[in-house]
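For reference, the structure is listed below as C-alpha cells.
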Amino acid sequence: MTQTYADFHRRSLTERDAFWAEQARRIDWQTPPQQICDVSRPPFARWFVGGTTNLCHNAVDRHAATRPDDRALIWVSTEVGQEKVYSFAELQAEVEAMAAMFVAQGVGQGDRVLIYMPMIPEAAFAMLACARIGAIHSVVFGGFASVSLASRIEDASPKLIVSADAGSRAGKVLPYKPLLDEAITLSTHKPARVLMVDRSLAPFERVPGRDLDYAELRREHDGARVPCTWLESNSISYTLYTSGTTGKPKGVQRDVGGHAVALATSMDWIFGGKPGETYFSTSDIGWVVGHSYIVYGPLIAGMATLMYEGTPVNPDAAVLWSLVEKYRVTVMFSAPTAVRVLKKHDAALLKRHDLSSLRALFLAGEPLDEPTASWIADALGVPIIDNYWQTETGWPLLTVAHHIPGVEAVPTRLGSPGVPMYGYGVKLLDENTGQELSEPNQKGVLVIEHPLPPGALQTVWGDDARFVNTYWQSVPGLEVYSTFDWGLRDAEGYTFILGRTDDVINVAGHRLGTREIEECVSGHAAVAEVAVVGVADQLKGQVALAFVVPREAPATPEAAQALQAQIMKRVDEQLGAVARPSRVVFVSLLPKTRSGKLLRRALQAVAEGRDPGDLTTLDDPGALAQVRQRLQG
Ligand code: ATP
Ligand code: MG
C-alpha cells in the first residue's frame with residue numbers, strides 16, 4: 001500500500017514525536033532519548049533530550065567494527081596529483097590519533113577548535129576528532145583572507161587552530177600560514193596552539209611554543225586509542241558561518257543527536273545512498289554542504305565519501321566524470337554554478353566516461369535555471385534533483401524525496417526544487433498581512449513553523465538574541481522562522497524560489513522577484529550571466545537595473561546599445577514594461593561570494609551610491625570595482 005507524499009508529510013508534522021522517534025533508531029545511542037522534542041521554550045527546540053550519542057561513533061566506529069576494510073574516505077587531488085583511499089578502520093586510526101593530539105593539548109568537551117584547511121584528508125580527520133571528544137569545530141573556508149578569518153577566530157575563541165602550509169587552486173599555490181598569522185595578530189583572542197599540516201607546498205615561519213608539527217605528533221600518537229565521549233543530544237557539535245550574501249555572516253550552531261538523525265534520514269530517503277556505495281559532493285568542507293554531505297552524512301550512512309581538491313575543469317572539463325567512473329560514484333552533489341562552468345565546454349566530454357554507476361545528480365545553493373538543468377540532464381542521462389536549503393537548516397528543506405518506502409515519489413519539475421520535506425512546516429505568507437496565501441501562484445515570503453526539525457540550527461553561536469531577532473521576528477506576532485526567501489507555490493504544491501526577500505523590487509507598487517527578470521534576460525542568446533537589482537527611483541520608488549555578462553563583449557557602443565534594446569524588449573514582451581530594466585550594464589564579471597552566490601546587495605548599494613557593507617566574503621574585489629566604473633561610464 002502506498003501513501004501520497006502529501007499525507008506522509010502531514011503525518012511528519014501532526015505525529016511529530018512518533019515520526020522522529022522512529023528515525024532516531026537509524027543511529028546508535030548510548031542512552032536512548034527520554035523526550036523526542038522539547039518545545040517548552042519557543043522559538044528554541046531541543047531534540048532527543050536526554051539521549052547520549054556521538055557523531056564520530058556513528059560516522060566511523062560503528063562501521064569500522066562491522067566492515068573495517070570497506071572504503072570510507074577517498075581523497076583525490078588534481079592540484080598535487082595524489083589520490084588516497086582510507087578504509088573505515090584506517091579512518092578510525094587517523095581520527096583517534098588526531099583526537100589524541102587534541103587531548104594532549106588540553107582540548108576537551110565544549111572547547112572550540114578552528115579548522116582553516118584546504119581539501120585534504122586531515123581536515124576531515126580534524127572535524128571527526130572534534131566530534132569524537134566533544135570539542136566544537138568551526139571550519140573556516142580555506143579561501144578566506146585574514147580579515148574574514150580574524151573575525152571568525154574572534155567569534156569562536158578557539159583553544160586550538162588546525163591549519164596547513166597552503167592550499168592550491170587551478171595549479172596556483174595559496175599560502176595559508178601568512179594569512180593565519182596575520183589573522184591571529186588582528187584578533188584579540190589568541191589560540192594557545194596551532195597545529196600545522198605541512199604539505200611542502202609553501203615554506204612558512206613557525207611560532208615557537210605555539211605552532212605544532214602534525215607529522216611529528218602523528219608519529220608520536222600512532223596507535224593511540226581515544227574513546228568516543230558520549231554527549232547529550234543537545235550538546236554543540238559545531239558552528240559554521242552563513243555565506244554572507246545578505247549581510248554579516250551568522251554563526252550557525254548545531255547539535256549532536258538531531259544532526260545525526262536528520263542526516264541519516266536524508267541520506268536514505270532523499271539521496272538514496274546505500275552502505276558500501278560512493279558519494280561525491282563537489283563542495284568544500286568550508287560550507288554546510290561539505291559538513292553535511294562530504295563528511296557526516298555519507299559516513300553516517302556507511303558510504304565512502306569522495307573528497308576532491310581541484311576544479312571541475314582541470315586537467316580538463318571531464319575530470320569530475322572520470323572520478324565518477326573510476327570510483328563508481330552512485331550519488332553526486334554539486335551546485336548550479338559548477339554546472340554553468342561545465343556548460344561552456346562540450347557535452348561530449350561526458351560521453352567519454354562510463355557513468356552507468358550514477359543514479360542522480362543533486363544541485364543546490366542557488367536557483368537552478370531551466371537551461372542549465374536541461375543541459376546537464378541531457379548530458380548525463382540521470383535525474384537532476386534541485387534541492388533548496390540553508391546553512392541554518394543543515395539539510396534539504398524543499399526537494400523531492402524519491403526513496404521513502406511505501407510513499408509515492410513526487411516527480412521533479414523544472415524550475416522548482418520541489419515540495420516541503422518531512423519535518424518542515426513550510427508556509428508562504430503575504431508579506432504585508434502575514435496571512436497564509438490561500439491561492440496557488442501567489443508570491444509570498446517563505447517561512448517555517450516552530451519547531452524547526454532535527455538537524456536545523458539551535459541558535460546563533462553566542463547570541464540567542466540575534467537568533468530570535470533575526471529569524472523569528474520578521475512577521476510580528478507570528479512564531480515563524482523566516483528563510484529570507486520569496487517564492488510561490490503552484491496548483492500541484494511545487495514551490496518556486498523567486499529570490500531573496502531583500503531582492504524583491506517594488507516598481508510603482510508592483511512587486512517583482514529579481515529571479516523572474518533574470519530568467520527572462522538570461523534566455524537571450526547573447527547573455528552568459530545576469531544579475532538584476534532594484535535601485536531607488538524618485539518617480540517609481542524602485543526600478544530594475546540589469547548587470548549582464550555577455551557571451552562576447554559588444555564590439556562598439558552601438559552594438560552595446562542594440563543589445564540593451566533587445567534585452568529590454570524581451571523583458572517587455574515576457575514580463576511587462578514594469579519589469580523592464582531602466583538600464584543594462586555590461587560587465588565581464590559579477591560580484592560573488594566565495595561560495596559562488598551573487599552579491600546583489602553589493603551591486604544595489606554601489607548603484608545607489610551607498611556603502612556596500614560587509615564584503616569579507618566577496619570573491620574578487622575587481623568585480624565590484626568594474627561595476628563602479630561601468631556605472632559611471
Ligand atoms: P547569508 O545568510 O549570510 O546572507 P546565504 O543565505 O547565501 O548567506 P547559505 O546558507 O549558504 O547562505 O545559502 C542559503 C540560501 O541559498 C537560501 O536561503 C537561498 O536563498 C539560496 N538557495 C539555496 N539553495 C537553493 C536552491 N536550490 N534554489 C534557490 N535558492 C537556493
Ligand atoms: Mg541566508
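Ligands are counted one by one from 1 in listed order, and the atoms in each one are counted from 1 as well.
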Margin query: For a 4.5 angstrom cut-off between non-hydrogen side-chain atoms, does R112 reach W461?
Written below: yes
Checking heavy-atom distances from atom 6 (O) of ligand 1 to each of K597, Q390, R500, the winner is R500
Check your understanding: For F484, is the nearest heavy atom under 4.0 Å from an atom of ligand 1?
Key -> no
Under 4.0 Å between heavy atoms, the region of Y241 that gets near ligand 1 turns out to be neither
Taking only non-hydrogen atoms of D386 and a 4.0 Å limit, the atoms of ligand 1 in range are 26 (C), 27 (N)
Near D485 (heavy-atom distance under 4.0 Å), the atoms of ligand 1 are 17 (C), 18 (O), 19 (C), 20 (O)
Only residue of L624, V549, D620 satisfying side-chain contact (heavy atoms from CB on, under 4.5 Å) with L589 is D620
Note: heavy atom closest to atom 14 (C) of ligand 1, options W389, W486, F496, Y388, belongs to W389
Decide whether a cation-pi geometry holds between R152 and F144; the criteria are a distance under 6.0 Å from NZ or CZ to the six-membered ring centre and an angle within 45° of the ring axis. yes
So for N387 against ligand 1, with non-hydrogen atoms under 4.0 Å, the contacting part is backbone
Classify the side-chain pair R169/T311 by whether it contains a donor and acceptor separated by less than 3.5 Å.
no
With heavy atoms and a 4.0 Å threshold, my read on which part of E366 contacts ligand 1 is backbone
Sequence neighbours excluded, the answer for ring-ring contact (aromatic ring centres under 6.0 Å, His included) partners of F484 is Y471
Ligand 1 atoms nearer than 4.0 angstrom to some heavy atom of T391 are 9 (P), 10 (O), 11 (O)
So is G365 in contact with ligand 1, going by heavy-atom distances below 4.0 Å? yes
Result for salt bridge (Lys or Arg N to Asp or Glu O under 4.0 Å) between E529 and one of R340, K592, K343 points to K592
